[in-house]
Amino acid sequence: MFDYLIQNVRLLDGSGRPALSGDAALSGGRIAAAGALAGTEAAHVIDGHGRFLTPGFIDIHRHADAALFRSDFGRAELAQGLTTILNGNCGLSLAPVSGPHRKAVLDYLTPIVGEAGEDFSSLADYRRRANGTPLPLNAGMLVGMGTLRACTAGFRDGDLTGDEYRLIHASLEQALADGALGVSLGLGYAPECFYTTEQLIRSLAPLRRSGRVITVHMRQEGDGVVEALAEMLAVARSLETPVQISHLKAIGRRNWRRAVPQMLEMIAAARAEGLDIACDTYPYPAGSTQLIHVLPPEFQAGGVDALTAALQDPESRRRMRRRMEHGTDFENIVALVGFENIHAASLRLPEHKDLEGRTLADIAARQGKNPYDALFDLLAAERCGVSMIDFFAHQADVEEILRAPFSGVISDATYPHGLPHPRVCGAFPRLLETYVQKRGVLTLEQAVHKLTRQPADRFGLFKKGRIEVGADADLCIFDPSKIHETAAWQSPCQLAQGMDWVFVNGVPAIQEGQFTGVNAGSHL
C-alpha cells in the first residue's frame, strides 16, 4: 500500500514536455509510481480534479542563510510552491566565518543574510545547525568567495599575498568537502570588487575542471555590463567549469534594449563554442540590495566601520559626491537611475521608520537637504545597515531574458528587518500569473521546466525537479488560473495564493490551501 495516491491530475514532469493525464503514488518520501494507477491502494487518496501536478519549485538564488533559523520561516516559500532553495549567493555566505576579521565580515553580511545569533566557523557547523532545525522545506548552501576573502584578508584593496591565496584555496576546498553545492561570487561587492580578472582566476584555481558551478553577481550590471560578461566568459574558458550568471540585467535607461540582446547573443555563442554557461533572472523591473552599493567601491575598503567614518567626514563626503556625479568607472547607480528611483527599504532607527519605502529624492525633500547629504546622513546614522529597492530595468529586457532557453528564474530574495522586496513572497506566482497566464511570454511547460528540472540538474540534484519513479516526492498541485501574487511594493509581505497542495519529501506542507505546520524538509 502506498502512502499517497494522487488521482486525476495533469502531470507536468519538469522536462518541458506537454502534460499527460494520469496519477502518481508516493511512498517513503519518494515517487513510487506514475501513470494510469486505477485500482491502486493507498493510505491517503487525493482527487486532483484535473489540476496540474508538477515537481516542487526550486529557487537557486535566495539569501535566507540566517532566515532559515527563524521560527516563522517557510510560509512565504511554500505558498509559492517552493520546496528547495539554495542560499549563500553573491559571494555572501554566512559560513564559514572565522578569524580576526570575523566581526567586520558579519557586520557586512547581516543586512543581506540576516542575523543568525551564532557564528559558523565552518560550513559543516552551519549544516549541523540546519539539520538540527525543523525545516519546512529543503535548503542547500553555496560557499561565498567574498566571505572567504574577507575572512582571510579583511576588506582591504589590492592584491593578496601568496599565503592569503593559499588560505582562501584551503577554505574553499574545505567548504566543498563540507557539502557546499557550488561557489558564489559577488564581484559588485567588497572585497571581491578589488580583484583583477587574473587575481580572480587565481583565487578560483581549485575549481579548474572540477565541474562545480560558479554563480556570479558580475562586476557591473549597468554601463559596463557587457564587458563584465566578457570577463566571466574569460573566467569560464580558463577554469573550464560551469558558470551561472546571476540575475542578468541591464541597469539604466541608456542601456535598455541594447545590452541584454547583445549579452544573450554572447552567451548563445559561448555555449555553441562549448562553454557551460547559463544565466538566470528575477521577473521584476526592480532589484534590492544594500544601499551602500550606490557608493564608489573604493570607499568600502576597510568594511562597515571605515565606511561609516568616511560618511561622517566632510572631505570624504565631498570626494564621494564628486565621484558619484562624474564617475563612469564603477556601477554608478545614482547616475544610472536617479535618486527618484531608489527607495530606502529597511531602516532600524525608530526616528527613520517613517522614511521606509520612500525614495531618496523624497527623503531629501522632506528633510530640506541635498539628495547626496540625505543619503550620506542616512547611511551614517544607520551604520550602513540600510537596504534599498531600485527600479532600473526595461520590461522588454526582462521578457527577452525569460524567453532564452538557457535562462532560469530566481527570486534573489533577501530578508531585511523592515520593508522587503515583494519577490520574497511573490517571484514564482508572478512568473506563472504575469508571464505565463497574462502575457504568454512562456508556456506553462516552459515555465515549470525553468522552475524544476533545469535548476535541479544544474546543481546535480538529480532526485529533485522531476516526476519519475525514485525521485523525491517534492510536488505541487494547482490550477494555474488561480495562482495569484498578492505581494506589492508597499505591502510586500502578503503570501501568494493558489497552491492547493505542496509536498515536501512526501509529506503535505500545504493541504487544500492550508499550511499543515509539518516540517519535512532537510538541509542538502
Side-chain angles (χ1 to χ4, degrees), residues 1-60 77-78 80-86 135-140 181 211 408 428 432 443-480 499-512 516 518-524:
M1 179 181 290
F2 296 115
D3 297 334
Y4 285 88
L5 175 64
I6 304 170
Q7 297 179 319
N8 188 26
V9 286
R10 300 169 68 185
L11 290 89
L12 274 176
D13 65 5
S15 67
R17 293 189 292 265
L20 297 174
S21 297
D23 315 307
L26 318 182
S27 189
R30 300 286 179 89
I31 298 172
L37 302 178
T40 300
E41 294 186 356
H44 305 278
V45 178
I46 300 167
D47 188 342
H49 298 291
R51 293 171 289 187
F52 283 88
L53 176 69
T54 73
F57 299 162
I58 300 171
D59 186 359
I60 63 170
E77 291 73 20
L78 291 169
Q80 299 178 69
L82 284 170
T83 57
T84 300
I85 62 172
L86 297 191
L135 296 179
L137 65 159
N138 306 301
L181 296 176
F428 300 94
L432 297 176
T443 66
L444 182 61
E445 293 86 352
Q446 290 170 329
V448 169
H449 174 64
K450 287 176 181 284
L451 298 181
T452 58
R453 185 159 185 162
Q454 184 188 77
D457 289 356
R458 187 68 168 150
F459 284 89
L461 303 175
F462 298 119
K463 292 292 185 181
K464 298 195 178 295
R466 64 203 70 218
I467 296 177
E468 59 185 38
V469 174
D472 294 339
D474 298 334
L475 299 166
C476 300
I477 303 175
F478 61 94
D479 177 348
M499 280 292 159
D500 296 318
W501 290 78
V502 177
F503 286 83
V504 178
N505 294 316
V507 179
I510 292 179
Q511 178 173 320
E512 292 297 1
T516 66
V518 175
N519 295 302
S522 64
H523 200 272
L524 305 173

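Only this structure's heavy atoms are used, side chains among them; waters, hydrogens and symmetry mates stay out.
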With a 4.5 Å limit on heavy-atom distance, are the side chains of [X] and [Y] in contact?
{"X": "Arg466", "Y": "Asp457", "answer": "yes"}
{"X": "Phe57", "Y": "Thr83", "answer": "no"}
{"X": "Lys464", "Y": "Leu524", "answer": "yes"}
{"X": "Ile46", "Y": "Phe503", "answer": "yes"}
{"X": "Cys476", "Y": "Met499", "answer": "yes"}
{"X": "Asp13", "Y": "Glu468", "answer": "no"}
{"X": "Ile31", "Y": "Leu475", "answer": "yes"}
{"X": "Ile58", "Y": "Asp474", "answer": "no"}

Those residues that, when tested against Asp500, pass side-chain hydrogen bond (donor to acceptor under 3.5 Å, both in side chains) (two or more places apart): Arg51

To the nearest 0.5 angstrom, please state how far the [atom1] atom of [X] sits from the [atom2] atom of [Y].
{"X": "Leu78", "Y": "Leu137", "atom1": "CG", "atom2": "CG", "value": "5.5 Å"}
{"X": "His49", "Y": "Gln7", "atom1": "NE2", "atom2": "CD", "value": "10.0 Å"}
{"X": "Ile467", "Y": "Leu11", "atom1": "CD1", "atom2": "CG", "value": "5.0 Å"}
{"X": "Ile510", "Y": "Gln80", "atom1": "CD1", "atom2": "CD", "value": "10.0 Å"}

Which class fits the ring pair His44 and Tyr4: parallel under 30°, tilted 30 to 60°, perpendicular over 60°? parallel

What are the two closest heavy atoms between Ala24 and Leu53, and how far apart are they? CB-CD2, 3.7 Å

Looking only at non-hydrogen atoms, find the nearest pair between Gly14 and His449 and report the distance.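 Looks like O-ND1, 2.8 Å.
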
Where at least one partner belongs to residues 21-50, residue pairs that pass salt bridge (Lys or Arg N to Asp or Glu O under 4.0 Å), sequence neighbours excluded: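 Found Arg30-Asp472.
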
Does any donor atom in the side chain of Trp501 or Gln511 lie under 3.5 Å from an acceptor atom in the other side chain? no

